[in-house]
Colleague: 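Have a look at this one.
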Amino acid sequence: MTTPQSWEARADEYSLYGFTDLPSVHERGAVILTHGEGPYVVDVNGKRYLDANSGLWNMVAGFDNKDLADAAKAQYDRFPGYHAFFGRMSDQTVLLSEKLVEVSPYDRGRVFYTNSGSEANDTMVKILWFLHGSEDKPKRRKILTRWNAYHGVTVVSASMTGKPYNEVFGLPLDGFIHLTCPHYWRFGKDGETEEAFTQRLADELEETIKREGADTIAGFFAEPVMGAGGVIPPSKGYFQAIAPILKKYDIPLISDEVICGFGRTGNTWGCETYGFTPDAIISSKNLTAGLFPMGAVILGPELADRVQAAVEKIEEFPHGFTASGHPVGCAIALKAIEVVMKGGLADNVRRLAPRMEAGLRAIMDRSNNIGELRGVGFMWALEAVKDKATKTPFDSSLSVSERIANTCTDLGLICRPLGQSIVLCPPFILTEDQMDEMFEKLEQALNKVFAEVA
Ligand SMILES: *Cc1c(COP(=O)(O)O)cnc(C)c1O
């Protein structure tokens with residue numbers, strides 16, 4: 001469909017596309033966008049799409065929020081950039097750290113800034129390695145995560161990510177251990193109850209700790225709901241089963257809240273939704289409602305004290321990014337937290353989550369090829385199956401989820417294919433009418449593609 005000199009052809013000539021299905025983009029051309037209106041984005045041809053992906057989970061306040069843009073512009077006028085090294089930092093950085101601890105599950109804590117979620121996870125790993133070294137436990141370096149987890153793309157965070165695609169980079173690094181994904185529908189055994197499944201995963205964790213030696217493990221990282229793994233909420237009682245085991249062996253539990261944080265699950269934090277208190281929180285994406293690249297490590301009181309004591313010993317923590325705590329990013333984040341948590345956006349998620357679930361469940365019930373609906377708040381996935389009863393997936397050569405997503409794009413709806421599932425995580429400003437538009441277009445696409453492949 002590309003003509004010479006079209007936007008699509010120019011993108012094709014000069015871009016090394018990341019996380020992009022090349023057969024689709026070669027056949028269809030990339031979608032080149034110019035601007036957005038509420039939850040919609042508009043391409044160079046003037047076509048409008050309802051972005052049921054919130055950009056990449058992060059544009060939770062939509063694409064034209066004036067309060068956020070104004071906060072950015074005002075800060076660019078006042079003090080457009082600074083770092084946080086050598087005992088200097090912007091006033092906005094101080095204000096945001098205070099605010100992040102205030103809205104965290106902790107009564108005290110410390111915050112460290114990065115430019116992305118990947119770097120925040122990397123930073124957390126460095127903090128743990130540094131801490132254990134300082135406390136005379138230098139062997140505590142292994143990191144535990146789960147298969148299907150997504151923690152980012154830098155060398156360490158990609159090693160934490162539990163996806164086979166990292167093999168092309170020769171990753172994971174040694175010492176990154178992946179435990180079973182807590183997806184009961186897919187990984188539960190025949191006749192195994194959900195409770196028994198959860199217990200099996202808890203047992204696996206304890207056996208792994210004993211096998212590797214607790215004194216070799218630096219920390220355990222988990223997303224409350226796995227996002228890029230395909231929206232996988234934990235099995236029943238999962239965090240209640242694993243948290244005491246981690247505690248018993250002095251292994252810090254880190255909640256990667258890059259997607260779940262700031263309202264996606266209906267509460268401020270995903271750990272709140274699932275009833276556990278981590279030792280530290282990783283935030284990014286929603287932190288600035290997608291308007292600025294920024295991540296944060298939020299240490300709870302115990303880790304904050306231990307890390308601070310370790311830093312005092314050597315008088316300086318040798319880590320930081322040039323743009324850590326950037327004043328514009330901090331000013332945007334302060335406004336985003338206000339807009340999302342106090343301005344009615346998180347309330348809208350809580351109010352409309354049951355409606356979203358019900359609408360998607362009705363679509364599932366009308367289809368022979370949706371095996372599971374899973375999610376919480378404003379993050380849901382429908383899993384395509386060839387056979388509902390046996391949960392048999394479609395042949396992967398059919399690229400069913402890509403075809404569904406491409407058909408949705410044709411209809412003016414952006415959603416994301418992940419494995420054999422379709423992910424829907426709309427901006428928090430979504431209205432009832434826009435939700436209905438999402439249901440209608442999605443079902444139309446599902447019917448068309450299932451008729452072709454079933
Ligand atoms: C997106 C994501 C990351 C990585 O964030 P980047 O800003 O893309 O580096 C880490 N963890 C989770 C849970 C994510 O969804």
Side-chain angles (χ1 to χ4, degrees), residues 17-20 53-60 112-127 143-163 165-166 169 171-172 176 178 181-183 219-234 239 253-265 268-271 273-274 278 280-298 321 323-326 329 332-333 336 375-381 416 418-419 421 423-427:
Y17 296 112
F19 285 123
T20 294
N53 249 350
S54 307
L56 204 44
W57 307 88
N58 54 348
M59 302 295 295
V60 296
F112 195 96
Y113 296 104
T114 67
N115 308 301
S116 68
S118 303
E119 291 167 333
N121 279 314
D122 262 56
T123 293
M124 188 68 228
V125 171
K126 282 182 77 176
I127 288 174
I143 300 292
L144 301 178
T145 62
R146 291 92 47 83
W147 284 111
N148 269 325
Y150 185 86
H151 297 292
V153 296
T154 51
V155 173
V156 158
S157 62
S159 295
M160 295 162 66
T161 291
K163 299 277 200 174
Y165 55 65
N166 281 318
F169 303 108
L171 295 174
F176 288 78
H178 300 102
C181 168
H183 186 190
F220 177 97
F221 287 67
E223 303 156 84
V225 181
M226 290 179 163
V231 184
I232 303 170
F239 284 103
L253 164 57
I254 315 301
S255 191
D256 182 345
E257 301 262 1
V258 170
I259 283 176
C260 293
F262 296 112
R264 180 59 74 186
T265 69
T268 308
W269 305 107
C271 59
T273 301
Y274 292 98
I281 283 176
I282 306 298
S283 179
S284 188
K285 290 198 171 90
N286 306 1
L287 175 60
T288 57
L291 269 78
F292 200 89
M294 179 176 235
V297 172
I298 308 169
F321 302 91
S324 287
H326 193 288
I332 294 172
V376 65
F378 260 22
M379 58 190 302
W380 293 89
R416 173 150 174 217
L418 256 173
S421 67
V423 167
L424 298 147
C425 48

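Start at 1 and go down the list; that is how both ligands and their atoms are numbered.
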Colleague: Is the contact between W57 and ligand 1 made by the side chain, the backbone, both, or neither, using heavy atoms and a 4.0 Å cut-off?
Modeller: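 Under 4.0 Å from ligand 1, W57 contributes no heavy atoms.
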Colleague: Using the ring of each side chain (for Trp, its six-membered ring), is F292 parallel, tilted or perpendicular to H326, with breaks at 30° and 60°?
Modeller: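 Tilted, since the angle between the ring planes falls between 30° and 60°.
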Colleague: Where on E119 is there a heavy atom closer than 4.0 Å to ligand 1, on the side chain, on the backbone, on both, or on neither?
Modeller: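 Neither part.
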Colleague: Within a distance under 4.0 Å of any heavy atom of E223, pick out the atoms of ligand 1 and give their elements.
Modeller: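 Within the 4.0 Å cut-off of E223, ligand 1 contributes 13 (C).
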Colleague: Give the numbers and elements of all ligand 1 atoms closer than 4.0 Å to a heavy atom of S118.
Modeller: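 Going through ligand 1 atom by atom, the ones under 4.0 Å from S118 are 4 (C), 5 (O), 6 (P), 9 (O).
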Colleague: As an exercise, identify every atom of ligand 1 less than 4.0 angstrom from a heavy atom of D256.
Modeller: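 So the atoms of ligand 1 that pass are 10 (C), 11 (N), 12 (C), 13 (C).
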Colleague: For ligand 1, does N121 get within less than 4.0 Å through its side chain, its backbone, both, or neither, judged by non-hydrogen atoms?
Modeller: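 It is the side chain that gets close, since no backbone atom is under 4.0 Å.
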Colleague: Give the atom numbers and elements of ligand 1 that come within less than 4.0 Å of a heavy atom of I259.
Modeller: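 Listed by number with element: 15 (O).
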Colleague: Just jot down the ligand 1 atoms closer than 4.0 angstrom to any heavy atom of K285, in number order.
Modeller: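 Numbered from 1, ligand 1 contributes 1 (C), 2 (C), 3 (C), 14 (C), 15 (O).
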Colleague: Any side-chain to backbone donor/acceptor pair from N115 onto P293? Under 3.5 Å, distance only.
Modeller: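 A pair under 3.5 Å: no.
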Colleague: Any idea which heavy atoms bring G117 and S284 closest together, and the distance?
Modeller: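 Heavy-atom minimum between the residues: N-OG, 3.3 Å.
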Colleague: Hey, is H151 touching ligand 1 through its side chain, its backbone, both or neither, going by heavy atoms under 4.0 Å?
Modeller: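 The backbone, only.
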Colleague: Checking a contact table here: which protein heavy atom is nearest atom 6 (P) of ligand 1, and how many Å away?
Modeller: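 The closest one turns out to be G117 N, 3.5 Å.
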